[in-house]
Participant: 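So that we are looking at the same thing, I have put the structure below in structure tokens.
In the text below, chain A, chain B and the rest are named by the order of the sequence lines, each starting its count at 1. Values in this document were obtained by computation on a predicted structure and should not be read as measured data.
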Number of protein chains: 2
Amino acid sequence: MDRHWSEEARAIVRRAGHNRGAARDALIELLSDQDCALSVAEIETRLGAQRPVARASVYRAVELLHSLHLITRVDIGDGVARYERAAYDHSHHHHLVCDSCGVLIPFEDPGLEQAIDRVGAQLGFATTEHEVTLHGTCVRCN
Amino acid sequence: MDRHWSEEARAIVRRAGHNRGAARDALIELLSDQDCALSVAEIETRLGAQRPVARASVYRAVELLHSLHLITRVDIGDGVARYERAAYDHSHHHHLVCDSCGVLIPFEDPGLEQAIDRVGAQLGFATTEHEVTLHGTCVRCN
DNA sequence: CTGAGAATGAGAATCAGACTCATTCTTGAT
DNA sequence: ATCAAGAATGAGTCTGATTCTCATTCTCAG
Ligand SMILES: [Zn+2]
Ligand SMILES: [Zn+2]
Ligand SMILES: [Zn+2]
Ligand SMILES: [Zn+2]
């Protein structure tokens, strides 16, 4: 899906002083093909279809990629963290969660982003990242 | 702090068909005195100072109050859910989390709320609740 | 006052995520 | 190409939050 992202991600990881590793490379490749967030369990399962990868390695990899701002963490309140690749231009989406069927719907909204930027600036808070999640019922469920 | 809220909360719980219980009443009383969110562990400790309350009871109570929209759940990404009372007029605040010192700073922003309402409406999504969290460094830490 | 049903308490069971350490892989240097 | 040092990985263990179970206690309508 996004070949450029996976190349860039590997380059940034190396520049940060890390050796290359099969598990992390496979994870980067997997995330580059996704349009929305995956949980660690989902990542582990999908990678395992090709070559088994230890859970600890998945956690280590997402932690590193997240600390380098290469992926964003999505928390929809079910106690399971999800991760998805971040765009270089800081463009990103947020999520609607249907509490009835559990579907995760991504959306983008410039007006919302502006409002968030304004809030951080007003309070003198150096915002590095933000999370927005809407809960409710989707069109099919209501 | 907000006597009206605790009375209203108990009335709504009863109307929903639940008997009264000492543990839940104590929890409601505690939350009515708070300005911002508390974790289950914090609730348990503070209640225990007066009369021991089982952890399971705290979890049951916050689950019920949350399902009745009497409290809102705040998830700042540290794996610990926090809860705070909700206002009747649906007014509420969101949070800034300092990733350096961990402080939780509440804020209100009408413009942000409008942007969120607009998004849900545009996508035909019946929004019941939403969560916004900004991460970064606070004034003292940056 | 009583009984049915609800709430509570204590502890076990789950589950996500963090940690440990022995083994394997990368990579710069020889 | 070879080697050693340091990094990454895998398998399993450990922790901490949340959920589940069930016996006991409490609430409240009758
Ligand atoms: Zn997404
Ligand atoms: Zn955003
Ligand atoms: Zn708050
Ligand atoms: Zn809001």
Side-chain angles (χ1 to χ4, degrees), chain A residues 9-31 37-68 70-71 73-83 99 102, chain B residues 9-31 37-68 70-71 73-83 99 102:
Chain A
R10 271 189 290 271
I12 289 175
V13 167
R14 178 178 310 173
R15 246 175 271 148
H18 296 270
N19 281 347
R20 198 166 184 175
R24 195 197 301 132
D25 274 2
L27 184 147
I28 289 174
E29 215 50 54
L30 173 64
L31 288 187
L38 291 182
S39 67
V40 166
E42 289 167 339
I43 291 171
E44 190 183 7
T45 300
R46 299 206 193 183
L47 289 180
Q50 308 200 317
R51 193 180 65 75
V53 170
R55 185 171 321 157
S57 298
V58 177
Y59 276 109
R60 275 187 292 242
V62 294
E63 180 187 358
L64 174 63
L65 296 178
H66 184 244
S67 74
L68 293 173
L70 288 165
I71 59 179
R73 178 199 187 108
V74 178
D75 198 330
I76 65 174
D78 63 349
V80 181
R82 280 154 233 267
Y83 300 89
D99 291 322
Chain B
R10 271 190 290 271
I12 289 176
V13 167
R14 179 179 308 174
R15 247 176 271 146
H18 296 270
N19 281 347
R20 199 166 182 174
R24 193 197 302 132
D25 274 1
L27 184 148
I28 289 174
E29 215 49 53
L30 173 64
L31 288 187
L38 292 182
S39 68
V40 166
E42 289 166 339
I43 292 171
E44 190 184 6
T45 300
R46 300 207 192 182
L47 288 181
Q50 306 202 318
R51 192 180 67 74
V53 169
R55 184 167 317 159
S57 298
V58 177
Y59 276 107
R60 276 186 292 243
V62 294
E63 180 188 358
L64 174 64
L65 296 178
H66 184 243
S67 74
L68 293 173
L70 288 166
I71 59 179
R73 179 198 187 109
V74 178
D75 198 330
I76 66 174
D78 64 349
V80 180
R82 279 155 233 266
Y83 299 88
D99 291 323

Participant: Would you compute the distance between atom CZ of B/Arg46 and atom CG of B/Leu27 and round it to the nearest 0.5 angstrom?
Facilitator: 12.0 Å
Participant: Using a cut-off of strictly less than 4.0 Å between a heavy atom of the residue and any atom of DNA chain D, enumerate the qualifying residues of residues 13-27 of chain B by number.
Facilitator: B/Asn19, B/Arg20
Participant: Heavy atoms of chain A, cut-off under 4.0 Å: which first and last nucleotide of DNA chain C, 5' to 3', fall inside that, if you could look?
Facilitator: C/dA16 to C/dT27
Participant: Nearest 0.5 angstrom please: A/Leu47 CG to A/Arg51 CZ, how far?
Facilitator: 8.5 Å
Participant: Going from CZ on A/Arg73 to CG on A/Leu65, what distance comes out if it is rounded to the nearest 0.5 angstrom?
Facilitator: 13.5 Å
Participant: Rounding to 10°, can you tell me the angle the first-five-pair axis of the helix from C/dC1-D/dG30 to C/dT30-D/dA1 makes with its last-five-pair axis?
Facilitator: 30°
Participant: Is the CZ atom of A/Arg10 crowded by more than 12 outside heavy atoms at less than 6.0 Å?
Facilitator: yes
Participant: Do A/Arg55 and D/dG12 share a donor-acceptor pair, side chain to base, under 3.5 Å?
Facilitator: no
Participant: Could you grab the distance from atom CZ of B/Arg24 to atom CG of B/Leu64, nearest 0.5 Å is fine?
Facilitator: 5.5 Å
Participant: With side chain to side chain contact (heavy atoms under 4.5 Å, CB included) as the criterion, how do A/Ile71 and A/Leu31 come out once you've worked through the C-alpha distance, each side chain's angles and the decisive distance to 0.1 Å?
Facilitator: CA-CA 9 Å; A/Ile71 59 179; A/Leu31 288 187; 3.8 Å; yes
Participant: Using the test salt bridge (charged side-chain N to carboxylate O under 4.0 Å, His left out), find all partners of A/Arg60 that sit at least two apart in sequence or belong to another chain.
Facilitator: none
Participant: Walk me through whether A/Ile28 and A/Leu70 qualify under side chain to side chain contact (heavy atoms under 4.5 Å, CB included).
Facilitator: CA-CA 10 Å; A/Ile28 289 174; A/Leu70 288 165; over 6 Å; no
Participant: Would you find a donor on one side and an acceptor on the other, under 3.5 Å apart, between the side chain of A/Arg20 and the backbone of A/Arg14?
Facilitator: no
Participant: Just to be sure I understand the geometry, which residues of residues 39-54 of chain B put a non-hydrogen atom under 4.0 Å away from DNA chain C?
Facilitator: B/Arg51, B/Pro52, B/Val53, B/Ala54
Participant: Testing the basics here: between B/Val53 and B/Glu44, what is the closest heavy-atom pair and its distance to 0.1 Å?
Facilitator: O-CG, 3.8 Å
Participant: Measure the spacing between CD of A/Glu42 and OH of A/Tyr83 and express it to the nearest 0.5 Å.
Facilitator: 12.5 Å
Participant: Round to a whole Å and report the spacing from OH of A/Tyr59 to C1' of D/dG16.
Facilitator: 13 Å
Participant: List in numerical order all residues of residues 73-82 of chain B for which some heavy atom is under 4.0 Å away from an atom belonging to DNA chain C.
Facilitator: none
Participant: So how far is it from B/Ile12 CD1 to B/Leu68 CG, rounded to the nearest 0.5 Å?
Facilitator: 7.5 Å
Participant: Could you state the atom-to-atom distance from CG of B/Leu38 to C1' of D/dA17 in whole Å?
Facilitator: 16 Å
